[in-house]
Amino acid sequence: MASRLDSARGSIARAIQAWLQSRDIDVDEDRVDVGVPSEEGHGDLTSSICLKIGKTVRQAPRQLAEDMVPELTRQLQNLVTHIEAAGPGFLNFTLSTPWLAEVVNDIRAQGINYGHSTWGNGERVLIEFVSANPTGPLVIVSGRAAAVGDTLARIFRVNGFVTDREFYVNNAGNQIIKFGQAIYLRIRELEGAKIDPWPEGIYPGEYVIDIAREYLEHNPNWVPQEPDDGLYALLGQFGAEHLRRVQEEILRRFGVEFESWIYEKDLRDQGAPEAIIERLEALGWVKEEGGAKWFVSTRFGDDKDRVLVKSDGSYTYFVPDAAYHAGKFERGYDRVIDLLGPDHHGYVGRMQALVQALGFPADRLEIMIIQLVRLVRNNEVVRMSKRGGQFVSLEQLIEEVGVDPARYFFLERAPNTPMDFDLGLAELKSNENPVYYIQYAAARIHSVLRQWRQSHQDAFAWNPTLLSEPLERRLLFILARYPDVVKRAAIDRAPQYLPKYLTELAAAFHSFYRQHRILSEDPAMTMARVTLSEATLWVIRSGLGIMGISVPETM
RNA sequence: GCGCCCGUAGCUCAGUGGAUAGAGCGCCUGACUACGAAUCAGGAGGUCUGAGGUUCAAAUCCUCACGGGCGCACCA
């Protein structure tokens, strides 16, 4: 169902088109733009069509706009109360307030589904995110990726896409061997051995001691033995699965759950790496040089060709990952989105080359880089050293500031810009913290509705023409814009549109609330304002819901 | 050296080729004996890094320069 604003834009665009045709001016439909102006005072909707075509029809845009006003006014009289030619040739449209007020009924009818749409048309989207190595605790940037990925998935869903969230577990390969080695050494320590010095590059983190202890508990028959890679791999995989479960639990606490977990080791066991190499060879995209096998990714715009099989016969990291990504398409996803850390952006070229080599259009794989997060307190960067006892993990961040503020802060910024996370601000449980500003609006509405229900038994039909105060109208218009925001967030992959919009909505409600009494002696007015408030609550619920942030009834 | 991201108010950041560039924090002034003051009303604060270009119109697109971050392995 088209949103109220969509239908207004459509009617206006058609009226303009008809006017132009009646003057024998031929303009492509999509050049007739009708949009929300960037600032108030320029009408509710605006079109710059006269500026665009002025030159080709050899008329001053402003004059053209003025010529159009009378006919458009007649055509659109049920929808628009005022049209003016403005500035250098804009057409500004002011929508009828009662017509706009009907948005409240739209919201009532659709409830939590208001703003949702079907334009995704069932397209299947896979979003892979976090995919942290299971060899340590989740760090802060994983939290950002988790919040963004989870929210994007919901944004796609409410726009009619079928969306799955996936976590890829790198539980095979060199890192796991090294991790296993660390666990082995910790086991030896628990048995009384002294490891000094600790070998270079072998996970020194103390959390490995817990894993060693855990392993001994699960394997009471452990006997000290001469270590080899087989043993290291065994221990490494044990540790990886242990940490993966811990990560899963923390992510769940953070409000993020995945439809699927894919294990690198499973892919290797199934022979997926061999299969992808054969496939690329069969397609002619593999060359041999210096005893190694190379993927000729430069054919598809990559900077350099990439090694698949090293001269010692082992695979590079790229091979299982390529197999994994090929599998995503085989599983039937129309669109695959990866959220990667900033340290992986050298990886984008080869992955996109792979997609094309396999015969898919490059744009079916989108890679979004989630930029670094710096923690800041009192204008000072918090060093995230493992030594200093400062926070390093997502778990500690959640404990320190809470899930809602953490998610809000991560979602507030464009994902691909580095961000400073202001701990001082996030910790504030009061007026300075923007997430509470929105939640407070919801709590206020809940409070009003509670009181209204206590004093009035029955709802009755409300009268949209009663909502005519400027602050009411402002609120109505913002409510009407919500479907635009939801759709735009999907198109631009921009979760940050939601917190921005919700802040604006909450501000409009707070202003309205301070200025006008909702529960009054006038039953009709009370009914109208209660209904408006309820509609506002639905939209806050919807928006915060998409962001994975709670909507408290009291604070 | 090559590639990617970024440069907007004191700070952190929004900004879909459109008109007078916005928000939060911080700062200043005011508002609670009716629904929640975690709120509201108002104010100060800008060479959108710089220079060219495209366009009726540029923070936005293009080129170059400057500044910051990151990536450029037979590592993962």
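Naming: A, B, ... by sequence-line order, numbering from 1 per chain. Quantities reported herein were computed from a predicted structural model and do not represent experimental measurements.
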Taking pairing as Watson-Crick or G-U wobble with both contacts under 3.5 Å, can you name the mate of B:U12, or confirm there isn't one?
B:A23
Determine: side-chain N/O of [X] to OP1/OP2 of [N], distance under 4.0 Å, yes or no.
X: A:Lys310; N: B:A76; answer: yes
X: A:Ser38; N: B:A19; answer: yes
X: A:Asn174; N: B:A76; answer: yes
X: A:Lys500; N: B:A14; answer: no
X: A:Tyr317; N: B:A76; answer: no
X: A:Gln451; N: B:G36; answer: yes
X: A:Asn416; N: B:C6; answer: yes

Starting at atom [atom1] of [X], determine the distance to atom [atom2] of [N], rounded to an integer number of angstrom.
X: A:Leu411; N: B:U12; atom1: CG; atom2: P; answer: 20 Å
X: A:Glu553; N: B:C35; atom1: CD; atom2: P; answer: 20 Å
X: A:Gln515; N: B:C32; atom1: CD; atom2: P; answer: 14 Å
X: A:Arg444; N: B:C40; atom1: CZ; atom2: P; answer: 7 Å
X: A:Phe421; N: B:C11; atom1: CZ; atom2: C1'; answer: 16 Å
X: A:Asp492; N: B:G17; atom1: CG; atom2: P; answer: 9 Å
X: A:Asp302; N: B:G3; atom1: CG; atom2: C1'; answer: 11 Å
X: A:Phe409; N: B:C13; atom1: CZ; atom2: C1'; answer: 11 Å

Do we count A:Trp452 as stacking onto B:C35 if the rule is ring centres under 5.5 Å and planes under 30°?
no
Face-to-face stacking of A:His42 with B:A19, centres under 5.5 angstrom, angle under 30°
yes
Could you tell me whether [X] contacts a base, only the sugar-phosphate backbone, or nothing, with contacts defined as non-hydrogen atoms closer than 4.0 Å?
X: A:Asn92; result: base
X: A:His516; result: base
X: A:Ser48; result: base
X: A:Thr417; result: sugar-phosphate
X: A:Gln439; result: nothing
X: A:Gln59; result: nothing

What about [X], does its side chain sit under 3.5 Å from the base of [N] through a donor-acceptor pair?
X: A:Asp343; N: B:A76; result: no
X: A:His345; N: B:G3; result: yes
X: A:Thr316; N: B:C74; result: no

If I pick the [atom1] atom on [M] and the same atom on [N], what distance separates them, to the nearest angstrom?
N: B:G26; M: B:G17; atom1: C1'; result: 34 Å
N: B:A58; M: B:A21; atom1: C1'; result: 12 Å
N: B:G3; M: B:U63; atom1: P; result: 11 Å
N: B:C6; M: B:U60; atom1: P; result: 13 Å
N: B:G45; M: B:A23; atom1: P; result: 14 Å
N: B:C66; M: B:A51; atom1: P; result: 15 Å
N: B:G69; M: B:G30; atom1: P; result: 44 Å
N: B:U54; M: B:U29; atom1: C1'; result: 47 Å

Take A:Trp261 and A:Tyr168, measure what ring pair (Phe, Tyr, Trp, His ring centres under 6.0 Å) needs, and give me the verdict at the end.
CA-CA 6 Å; A:Trp261 297 74; A:Tyr168 179 52; over 10 Å; no
If we count only N and O atoms by modelled type, under 3.5 Å, do the side chains of [X] and [Y] hold a donor and an acceptor together?
X: A:Glu166; Y: A:Tyr324; answer: yes
X: A:Gln451; Y: A:Ser455; answer: no
X: A:Tyr263; Y: A:Arg268; answer: no
X: A:Tyr347; Y: A:Asp321; answer: yes
X: A:Asp312; Y: A:Ser314; answer: yes

Closest nucleotide among [options] to the [X] side chain:
X: A:Gln175; options: B:C13, B:G15, B:A76; value: B:A76
X: A:Tyr437; options: B:U39, B:A23, B:C35; value: B:U39
X: A:Thr503; options: B:A23, B:C6, B:A76; value: B:A23
X: A:Lys304; options: B:C74, B:C72, B:A37; value: B:C72
X: A:Arg517; options: B:U16, B:C35, B:A38; value: B:C35

For RNA chain B, whose closest nucleotide is more 5', that of A:Ser511 or that of A:Ile176?
A:Ser511
Residue whose nearest RNA chain B nucleotide is more 5′ - A:Trp294 or A:Ala86
A:Ala86
Ionic contact status for A:Glu66 with A:Arg62, cut-off 4.0 Å
yes
Please verify the inter-ring angle class for A:Phe179 with A:Tyr203; under 30° counts as parallel, over 60° as perpendicular, anything in between as tilted.
perpendicular
Are the aromatic ring centres of A:His510 and A:Tyr440 under 6.0 angstrom apart?
yes
